2 protein chains.
Amino acid sequence: MLTISQLASYAGVTVRAVRHYHAKGLLPEPERDHSGYRRYDASAVVALIRIRTLADAGVPLSRVRELLAADADEFAGAVEDIDRQLRVEIRERQRHRERISQLAAGDSLALPPEAVAYLSRMRELGFRQQVIDIERDSWIMIAAQMPGEAAALMAIKHAQIENETLRKLYLDFGDLVDCLPDDPRLPSLSDRVATFIEAEAVAAAGVEQEQPISDDLVALLDAAFIESFPCAPRLLELLQERGWTGWTNIRRIAQ
Amino acid sequence: MLTISQLASYAGVTVRAVRHYHAKGLLPEPERDHSGYRRYDASAVVALIRIRTLADAGVPLSRVRELLAADADEFAGAVEDIDRQLRVEIRERQRHRERISQLAAGDSLALPPEAVAYLSRMRELGFRQQVIDIERDSWIMIAAQMPGEAAALMAIKHAQIENETLRKLYLDFGDLVDCLPDDPRLPSLSDRVATFIEAEAVAAAGVEQEQPISDDLVALLDAAFIESFPCAPRLLELLQERGWTGWTNIRRIAQ
DNA sequence: TCAAGGCCTGACCCTGCGTCAAGGTCAAGT
DNA sequence: ACTTGACCTTGACGCAGGGTCAGGCCTTGA
């Protein structure tokens with residue numbers, strides 16, 4: 001008669017695994033000797049080897065009993081099942097490998113490459129770090145919500161920043177990132193924003209926005225904007241006085 | 001301010017996952033409102049998206065914090081680590097696929113193909129099912145303990161069974177599988193076994209066994225033999241009277 | 001006779017959450 | 001004012017396949 005450790009070593013498994021298989025009902029509990037020790041016979045070795053053979057081939061323990069009792073057809077069906085599952089797990093990991101190889105450290109994390117380029121262009125053009133930071137966060141949120149369309153939106157932004165008037169406006173706006181709500185530059189900035197948007201609106205009259213951003217996302221982006229700029233509420237207020245509401249998706253106030 | 005479910009849906013995760021990340025310390029716990037609800041700001045959305053970006057690329061949660069804070073070098077090192085781990089897991093599953101495709105249902109499970117052929121030859125030659133069963137179990141144990149050498153041993157066995165004298169002896173032995181210890185055929189069988197072994201021993205004098213089976217395995221196989229044949233103890237006794245001890249590795253008793 | 005080592009059960013640990021349970025909160029409709 | 005249903009809270013168990021103690025009994029060899 002064999003002790004549990006002898007049994008385990010004959011089958012090449014740990015004692016803990018044997019007890020685990022008992023608990024799972026895969027291997028029947030043997031007789032105990034007078035002191036309560038499990039005592040196994042040679043047939044238990046064979047049973048244990050069969051379990052390990054299946055487990056070593058990737059059969060989940062929950063299916064081992066089924067396969068031990070299966071006829072050729074059932075066995076083939078179950079094997080196909082398990083193989084399919086293994087392929088799924090392999091593909092998952094292959095996708096993980098692809099994605100992880102594309103990841104970049106730090107700021108660029110979770111940003112599409114176009115956005116990274118855009119942000120570095122902003123840096124070149126002399127934008128303040130805080131402005132770049134909120135652009136980055138906005139693009140992270142946009143890319144997460146609209147992975148397909150982010151690149152197209154990005155292209156629009158990229159073009160906008162090369163527009164002299166808008167860039168100057170945005171740069172000047174950046175100088176106000178940590179101003180107080182009563183900063184005297186705010187009203188004039190609001191005027192410039194309103195004027196610019198007005199011109200844009202005329203130019204784009206009748207043209208529907210091709211990349212509509214969902215209202216939820218707009219609200220989120222506006223919230224992020226407000227959180228990052230202490231004087232954002234005041235700016236929005238001034239814009240409202242000039243007939244405009246919102247920021248990310250700035251619109252004329254309906255009369 | 002966002003509720004937990006709004007936060008979760010912006011980042012495309014479940015509420016449960018968000019709480020899990022809090023518990024793991026990946027996402028800081030936000031302020032609570034007057035009724036104890038968590039209230040998030042937009043920056044939490046960005047933080048959560050970063051976490052998911054890493055997790056979706058196969059980064060274990062236990063390493064997410066580290067990667068969020070890593071500089072480019074540390075990040076690259078960690079990515080390499082994780083990629084290595086992913087490759088290991090893919091290779092594991094590929095091996096599983098190979099092994100599972102080789103597996104056969106029922107009796108043949110855990111047996112090398114040579115053994116399956118040997119057993120089916122035994123069936124052809126008219127051996128009793130019980131004899132085949134113990135052969136099968138023996139080969140399962142041998143293949144598990146000596147995976148490399150099992151095929152060579154198998155070849156020897158395969159040749160032996162084609163030997164007229166030995167086959168007859170083994171077939172007659174098979175007729176005694178469920179006999180009683182006092183069966184009158186046992187002594188004559190023992191004589192035949194002794195005679196055969198004697199001749200073998202003379203023929204093989206000086207030739208060392210090329211495939212030595214470990215003493216442990218011999219003991220195990222003998223135990224399996226004894227368990228399966230009620231009159232095995234009597235047979236071994238009779239063989240001892242004739243100067244032989246053991247079964248799997250039968251040897252002349254040292255004087 | 002004593003120490004080492006084997007055996008027993010029970011319990012917690014890992015991953016990444018899913019899924020109750022049992023209750024408090026909120027907004028809307030009646 | 002009351003109800004309903006959706007949402008929030010903490011706590012706990014469950015999954016796979018065991019690893020790793022802890023505390024205590026048993027056996028075996030010196």
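None of these values were measured; they are calculated from a predicted model. Sequence lines set the chain letters: A, B, ... in the order given, protein chains first and strands last, and positions in each chain run from 1.
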Where the side chain of [X] is defined as all heavy atoms beyond and including C-beta, which of [options] is the nearest nucleotide?
X     : options               : answer
A:S35 : C:dC7, D:dC26, C:dG16 : D:dC26
B:R32 : D:dC7, D:dT10, C:dC8  : D:dT10
A:Y37 : C:dT15, C:dG6, D:dG18 : C:dG6
A:L61 : C:dT15, C:dC7, D:dG18 : D:dG18

Output the distance between atom CZ (A:R65) and atom NZ (A:K24), rounded to the nearest 0.5 Å. 10.0 Å
Out of curiosity, A:L26 CG to A:H20 NE2, how far, rounded to the nearest 0.5 Å? 8.0 Å
I'd like to know if A:R16 reaches the base of D:dT20 with its side chain such that a donor and an acceptor end up less than 3.5 angstrom apart. yes
Looking only at N and O atoms, is any donor in the side chain of A:Y21 or the base of D:dG17 less than 3.5 Å from an acceptor on the other one? no
Over how many whole Å does the gap from [X] atom [atom1] to [N] atom [atom2] extend?
X     : N      : atom1 : atom2 : result
A:E31 : C:dC7  : CD    : P     : 18 Å
B:H96 : D:dA16 : NE2   : C1'   : 13 Å
A:R52 : D:dA16 : CZ    : C1'   : 12 Å
B:Q85 : C:dT15 : CD    : C1'   : 13 Å
A:M1  : D:dT27 : CE    : C1'   : 17 Å
A:Q6  : D:dT28 : CD    : C1'   : 13 Å
A:I82 : D:dA16 : CD1   : C1'   : 14 Å
A:Y40 : C:dC8  : OH    : C1'   : 11 Å

Between B:R38 and A:H34, who's closer to the 5' end of DNA chain D by nearest nucleotide? B:R38
Report yes if a side-chain nitrogen or oxygen of A:R19 is closer than 4.0 Å to either non-bridging phosphate oxygen (OP1 or OP2) of D:dG18; otherwise report no. no
It should be established whether A:S5 places a side-chain nitrogen or oxygen under 4.0 Å from OP1 or OP2 of nucleotide C:dC7. yes
If you draw a 6.0 Å radius around CD in B:E29, do more than 12 non-hydrogen atoms from other residues or ligands fall strictly inside? yes
If you look at every strand shown and take non-hydrogen atoms under 4.0 Å, does B:R39 touch a base, only sugar-phosphate, or nothing? nothing
Nearest-nucleotide comparison on DNA chain C, the residue closer to the 5′ end among B:T14 and A:I4: A:I4
Taking for B:K24 and for A:V15 the nucleotide of DNA chain C with the nearest heavy atom, the one nearer the 5' end belongs to A:V15
Between A:H22 and A:Y40, what is the ring plane arrangement, given parallel below 30°, perpendicular above 60°, and tilted in between? parallel
Please test A:D133 against A:Q129 for side-chain hydrogen bond (donor to acceptor under 3.5 Å, both in side chains), starting from the C-alpha separation and ending with a verdict. CA-CA 6 Å; A:D133 284 351; A:Q129 189 59 46; 2.9 Å; yes
